[in-house]
Each structure stands twice: as C-alpha cells, then as structure tokens.
Number of protein chains: 2
Amino acid sequence: MVKIMDELTERQKIILTLVTHEHINSALPVGSKVVVEKFNIGLSSATVRNEMSTLTELGYLRQPHTSAGRIPTDKGYRFFVGRLVREGEIPLSAQRKISHQFYQMRNDVEQWARLAASILAQQSNAASLITAPHSEHTKLQHVEFISTYGSQILMVLVLVGGELRQRIQNLNEPYSQERLSSVGHLLTQQFKGLETARIIQKVREFSDLELELAYIVGEEMERADATVSGEIYLDGITNVLAEPEFNDAGDARRALRVLEERTLLYELFSKTIMNNDEGTVQVLIGGEGTWDELKQCSIVLSKYGVPGIAFGTVGVLGPVRMAYGKTISAVRFMSGMLSEMVSQSHFEENIIAPNEVD
Amino acid sequence: MVKIMDELTERQKIILTLVTHEHINSALPVGSKVVVEKFNIGLSSATVRNEMSTLTELGYLRQPHTSAGRIPTDKGYRFFVGRLVREGEIPLSAQRKISHQFYQMRNDVEQWARLAASILAQQSNAASLITAPHSEHTKLQHVEFISTYGSQILMVLVLVGGELRQRIQNLNEPYSQERLSSVGHLLTQQFKGLETARIIQKVREFSDLELELAYIVGEEMERADATVSGEIYLDGITNVLAEPEFNDAGDARRALRVLEERTLLYELFSKTIMNNDEGTVQVLIGGEGTWDELKQCSIVLSKYGVPGIAFGTVGVLGPVRMAYGKTISAVRFMSGMLSEMVSQSHFEENIIAPNEVD
DNA sequence: ATTAGCACTCGAACCTTGCGAGTGCTAAAA
DNA sequence: TTTTAGCACTCGCAAGGTTCGAGTGCTAAT
C-alpha cells in the first residue's frame, strides 16, 4: 500500500516533476541538459539522463524519437497532477472583482453561466464548459396556464430551485384565462412540493380540464427528470486552436467535436462527476483510456451546487499539456463561486453585496 | 445601367462560371486546360486562356502565383452567386421528413432551433447559426409572481409571441403567494397587450407592493426590448475545420472566433438582415470589405418569422469557396420552415401533422 | 554512486534539382 | 477579325541529399 508511493525515489519524483513542468511551459521535449541548467539541481546531466532513462522504463516518460528529449506520458501527467498541491491561485483582488461581477447579475442563471464560462476560459486559456444548475429530483413549485391564441395555451412550470419549463399545448376547445388560472391555482396547491412520481399518482383524482392539464404537468415533470443536466455553455473554443498540438486541422477537429457532441459531454458529466461531492476537482487525462475522442485532451471538472437544491458542472477542456495548477485552481474557485450563487439565490433574504458583509 | 451586365461577353460569363464551379469542387486553382477538357466547350485552351486573362484584368479572377491556374476573386464569386438561380434544392422527400421532425417538436422553440441548426449544418456541410425568434416591439401577455423563499420572489413574464423572461427579485418583506398572485392578476389585466412605453407610463398609477412589482415589470420589459435577438444556436463548427482553407490553425481560429464573438454576430444580423424581408436570402462574401474577421469566410443569411409576431435569423458560415447553390437552397428552406413553425405555434387551433393536410 | 567524455542516432532545416502545370506571346489559319 | 497551334518561360512543388545539433546511451575514470 504505502510502498506504491515509493516506486519512485524522491530524486526521480523531482526530476519527473521538473520535466513535466518544463514541457508544459515550452511545449517541447525536455532534455537532460535543460533540466540541469534551468533548475540548479546539484547533479550532472549524465545522472539526470540515467534517471530519465529509468522513468522512461517505468512508463512515466517517453521519447517522441531517439534523438529528442523526453515528454511525460499520461501516467507521468497523472503523477504530476497528483503531487500538485495548490498553485496558481487567482489573486484575491481578482477573486473579489469576479465575485462582484456575479453579484451584479444575481437574478439570472443564464448570465451566471455565461460569465463563469467566459472568466474560466480566460483564466485557463482553454475551452470552458458550464452546465446550468439542475435538480436531480425535481419538485414542483408552481404551475401556470396562459391562454395564447384560440384553444392554444402556454404552460409554465416553476420547479423548486427556480428552473423554468415551458410548453405550448393545444386543447380541444378554448377556455377563458380565468378558468385556466383557477386550474393553475388548484394544481399548484395540490402538487406543490411533490416529486414527479407523486404527481403522476394524483393525476387520476381529477377530471375534465383539470385532468387534461394535470396530465401534461405530469408529462412535463417526467421530461424534466429525464433531462440529465441544464443547458451547456461553452466559451474559449478558439483558445484550444491556439495550442501547438492542435496545429493539425484533423486533431483540432477531433478535439472540438467533443464539445459539439453533447451526448458525449453528458456521459462524461454523469460518469465522472455526478457521483462526487460538489467542490471536488477531477482531472481526466488523455481520455483515461475510456474516451478515444479525448486522447489528446485533458479535462478538469468539478460539480457545484447545493444538496437538495440543484447541481451543475463546471469544467475546462485543453490539451494534455495543460497548466494544471492554474486550471485546477480556477475550476475550484469557479465551482465555489457558482455554489455560492445557487445557495444565495435560494436562501438569502436580502440583497447584500459581498463587500458590504466583508 | 443595362450596360453593366455587358461588362462581360456571354462567353466570358460562361467561362467565369465554369472556373468558379470547378474551383468550388476541387479547391484548387483552375487552368485553361481543365476548363476545356472537363466541360466540352467548343474552344481551344488558348482562347480560354485569353478570356481568363481578360477576366483577371477585370478583377473577376486571380492567380495565386504565376504558374498556377486561376481562382475567383470575391467579385468573381459575387457574379457567380448572382447568376445562380435554383440549384441543389433539398429533395422533396427529405423536405417532408424534415418537416415532420419539426412538427413532432412543435411545442418547444429551443428544440426547433437546435434541430434547424443541426439539419442546416449537415446540409451545407458548414457551420450553421440560428437565432430563436424574438419580437421587436415587445408586448406583454401575462405576468406572474411566485414566492420562492422568504421575501424572495420569481417573476415570470410571458410576452406576446411566447417568449419567456424570468427574474429573481428580493422584496423588502415577505408576502403570501395569494397576495402575489392577485397582484399578478391585476397587472396582467392592466398591462396585457401593451408595449413597454405604455406600461412604464402606467406604473405610477399603483402604490405599495403593486407599485414595486409594476416597476420591475417595466424594467424587465425594457431589457426585453434592448435584447437584439434571441439565443444563438450553433452547430457544425467542426465542419469548417475540415475545409482545406482552414488547415492553418491561425486562419481556423480567426474564422471560429467570429462564432464565439456574439457581439459581431449581432452586428451582422442587425446590419444585413433585419432591414430585409423574411425569406430573402442574403449572401455576404469574404466579409464584403466591412468585416475583416470574415475575409476568408462567406455567410449565407436569411430572416424568418411572422410580421407582428417575432423574427429570427438563420444562417450558414463557411469558406468563401462554398457550395452556394446548395447552401442558399438549404437556408431558404430552413427559413421557410421556421417561419411556418412560428406561424403555426401562434395561430393554429389544432395539431395537424403536415402529411394529414397534404 | 556520480560524472566526464565520446560515439552514435535521427529529426529538422536547408539546398538543389527536375518536373510539369500553366501562362503569355506570336505567327499562322480560319 | 477571331481563333488556334506552337513554344519559350515562369515558378511552385516534391524528391533527394546534406548539414547541423540536440540528445542519448555507454564506458571508463573519479
């Protein structure tokens, strides 16, 4: 158990870290010489060479070709990330500034998501992905029916957590807005705070228009439950194109396809994130064997939200050679920020700007 | 006036068209020889050569380098597009199929937009951009206030056209849901069908809670008016990367940045489209001198919607060397399809699948 | 155990060269 | 007058060759 840590000597760990660090900065293979020269380690290049050779045998480094330096393998990156403690935190002043921005748009979930995506893309210099908060077990908060034209109505469902779902429906005959409103009032009373299953049970208690509308409420609740997560907001897609590993158009395409293919993203979110606690930052390196499409990419992911209310995902996608320290910090910060926003928007009684409480 | 058409002889027009057509397919410079061989024109290569030389002088063609064939300039493309009548229409069977898909998700604007974007990206093999329908002069249809937690409320605005706007607001003290509902009912009665300006005028007629809520209704209406267009839906971004002209990562980046930069897109929409009638298809070649970021790109745009209800935009972005015929047809079709959906969703009394009426 | 020294490897960069597509010009043919 | 055949010329591109140097692995000395 403990011995696993000692597969590598302390010196090897240091060298591996240095090589990885240097490669992340330079995007080039790292030779023994640069390691010795850039970081004044008390060793000769020959010694470093031997150690690097060992690290290569152990699968932490590899050589793109014989006469080149070494670059980390996914395993090497994994080790590097594992040792990374805290690094590249966003300066406190910037944190405050960002926080302030969020509080200014506190009444619009969509805007949070956009802002978060934008800031994250900028901080990490990679592509960011944010999902809007979404409840797992949806409870109804309020339902409203609005007559639009003829026998057509608009149903608006407000879920606990503030999520909104709308739906246009055509009825068999037109009803007055008064009638629709009263049914809305009744169903809200009956269904308020209930989960989908309970609502569907209760649908049969009604008849006539009430039944018809109660039925589509249940139907829409089911859809809400089936929705894996909220809308996905992306930003900084062009950042990844700037990375040298995506100079080849084919590689770039493969990487960006991931961002367009929502099904893959949803799978990713549900498999890696949703079991974890909010606030934990996960790093997925090179697709981790499971996702072929992500061979050249790493993803830094975190879940945010408040238990019992709603959860969302915040993440960054970039090349495997990524500034993990900075990115992880940024994702962690953003996850916290968004959790705070979710919490605030549901529990706070008054608008208090953060600098007023501090 | 008429003479302008005769800047070119008929033969030159044909040759220009052939060269353009060939270049669009092959992505390579086109020489006099291929023109003669591929299309059995009754001329020798020397004659074609002379004509191509003239076309070059007139600015319709250009040579990437001395010993290469010719490629169309933006002016050449423009001529080509102008002469294009109807070409590459989507087969009727496919049209029906697509139409059917739309009618199946008739009750969700967001889904239309996604579907339209997806189909358009596939049809044009380029990037598609769709904005959800949005009214120009917003009228209020319904307003609802929902108590969420403590003194916090959720306001839901339904605009004529079905657009929904939500907003979380904290009041000075908590109110019962009954009280909120009755204010909602009152304000709906008072404001229904009115535009922003009239609503703001009437705000002062109220006092207490009614005043407070009426005020934020007005505020939110103003925001709705200020919103240039609905959400932008993108698809097929990776299609663009597959084009040889974007093999260079820098060029690709420049092109895709346009899609990320919403402000530019909005500008584009408002400047080129919003003055035009719905259904008209506009083609913007190589940024048309105005947009430097689009030097390598062409955009095919159309406005869709129903006067008095709502309008949106549908477009395709691809390389200047684009299959204009097919793309224009696809955009025209999609524009019509979406107009139909907007119309249907607001006027139709019953759900009728299109194949039932046909 | 570490290190200096050295031979070796191999990719990147640069040059040369030949090829061929495509042109423009001219003079002859229609 | 228009078209065309013929031909010299240009120039990008691909292929092959050479150099250069970074980086390695091994060995022998410390």
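Residue numbers begin at 1 in each chain, while the letters A, B, ... track the order of the sequences.
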Going by atom types alone, do Y60(B) and T54(B) pair a side-chain donor with an acceptor below 3.5 Å?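 No, no side-chain donor-acceptor contact under 3.5 Å.
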Looking just at side-chain N and O atoms, do T17(B) and T20(B) make a donor-acceptor pair shorter than 3.5 Å?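 Distance-only check fails for T17(B) and T20(B).
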Can you check whether F246(A)'s main-chain N or O pairs, donor with acceptor, with E243(A)'s side chain at less than 3.5 Å?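 It does not hold such a pair.
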Determine whether a donor-acceptor pair (N or O, by modelled atom type, separation under 3.5 Å) exists between the side chain of Q296(B) and the backbone of P319(B).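 Flag not set: sc Q296(B) to bb P319(B) has no pair under 3.5 Å.
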Can you find a pair of side-chain heavy atoms, one from Q12(A) and one from E7(A), that are under 4.5 Å apart?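 The answer is no, as the side chains (C-beta and beyond) never meet within the 4.5 Å cut-off.
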So, do V316(B) and M322(B) sit near enough that their side-chain heavy atoms are less than 4.5 Å apart?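 Sidechains of M322(B) and V316(B): in contact.
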For atom [atom1] of [X] and atom [atom2] of [N], their distance in whole Å:
X: I41(A); N: dT2(C); atom1: CD1; atom2: C1'; result: 13 Å
X: L28(B); N: dG20(C); atom1: CG; atom2: P; result: 18 Å
X: R11(B); N: dT1(D); atom1: CZ; atom2: C1'; result: 12 Å
X: E10(B); N: dT2(D); atom1: CD; atom2: P; result: 17 Å
X: L61(B); N: dG22(C); atom1: CG; atom2: P; result: 14 Å

May I ask you to list the residues of residues 17-25 of chain A, by number, that have any heavy atom positioned under 4.0 Å from an atom of DNA chain C?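 Result for residues 17-25 of chain A: none.
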Quick check: closest heavy atoms across A252(A) and L241(A), and the distance to 0.1 Å?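 Minimum heavy-atom separation between A252(A) and L241(A): CB-CD2, 3.6 Å.
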Could you tell me whether the phosphate oxygens of dG24(C), OP1 or OP2, come under 4.0 Å of any side-chain nitrogen or oxygen in R70(B)?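 Answer is yes, contact under 4.0 Å.
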In residues 44-56 of chain B, which ones come under 4.0 Å of DNA chain D, going by heavy atoms?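 By residue number: S44(B), A46(B), T47(B), R49(B), N50(B).
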Where do R332(A) and S302(A) land on the side-chain hydrogen bond (donor to acceptor under 3.5 Å, both in side chains) test, with the steps shown first? CA-CA 7 Å; R332(A) 182 186 294 121; S302(A) 173; over 6 Å; no
Under the side-chain contact (heavy atoms from CB on, under 4.5 Å) test, which residues partner K33(B), sequence neighbours left out?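 By the side-chain contact (heavy atoms from CB on, under 4.5 Å) rule, K33(B) matches E37(B).
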Could you tell me which residues satisfy salt bridge (Lys or Arg N to Asp or Glu O under 4.0 Å) with R83(B), sequence neighbours excluded, listed by chain and number?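 Only E10(B) meet the salt bridge (Lys or Arg N to Asp or Glu O under 4.0 Å) criterion with R83(B).
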Apply salt bridge (Lys or Arg N to Asp or Glu O under 4.0 Å) to E293(A) and list each qualifying residue two or more places apart in sequence or on a separate chain.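 With sequence neighbours excluded, E293(A) shows a salt bridge (Lys or Arg N to Asp or Glu O under 4.0 Å) to no residue whatsoever.
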With DNA chain D as reference, determine whether G31(A) or L43(B) sits nearer its 5' end, using the nearest nucleotide of each.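 Result of the comparison: L43(B).
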Table of protein N/O atoms under 3.5 Å from nucleotides 8-14 of chain C N/O atoms:
unit_1  : atom_1 : unit_2 : atom_2 : d
dC10(C) : O2     : S67(A) : OG     : 3.1

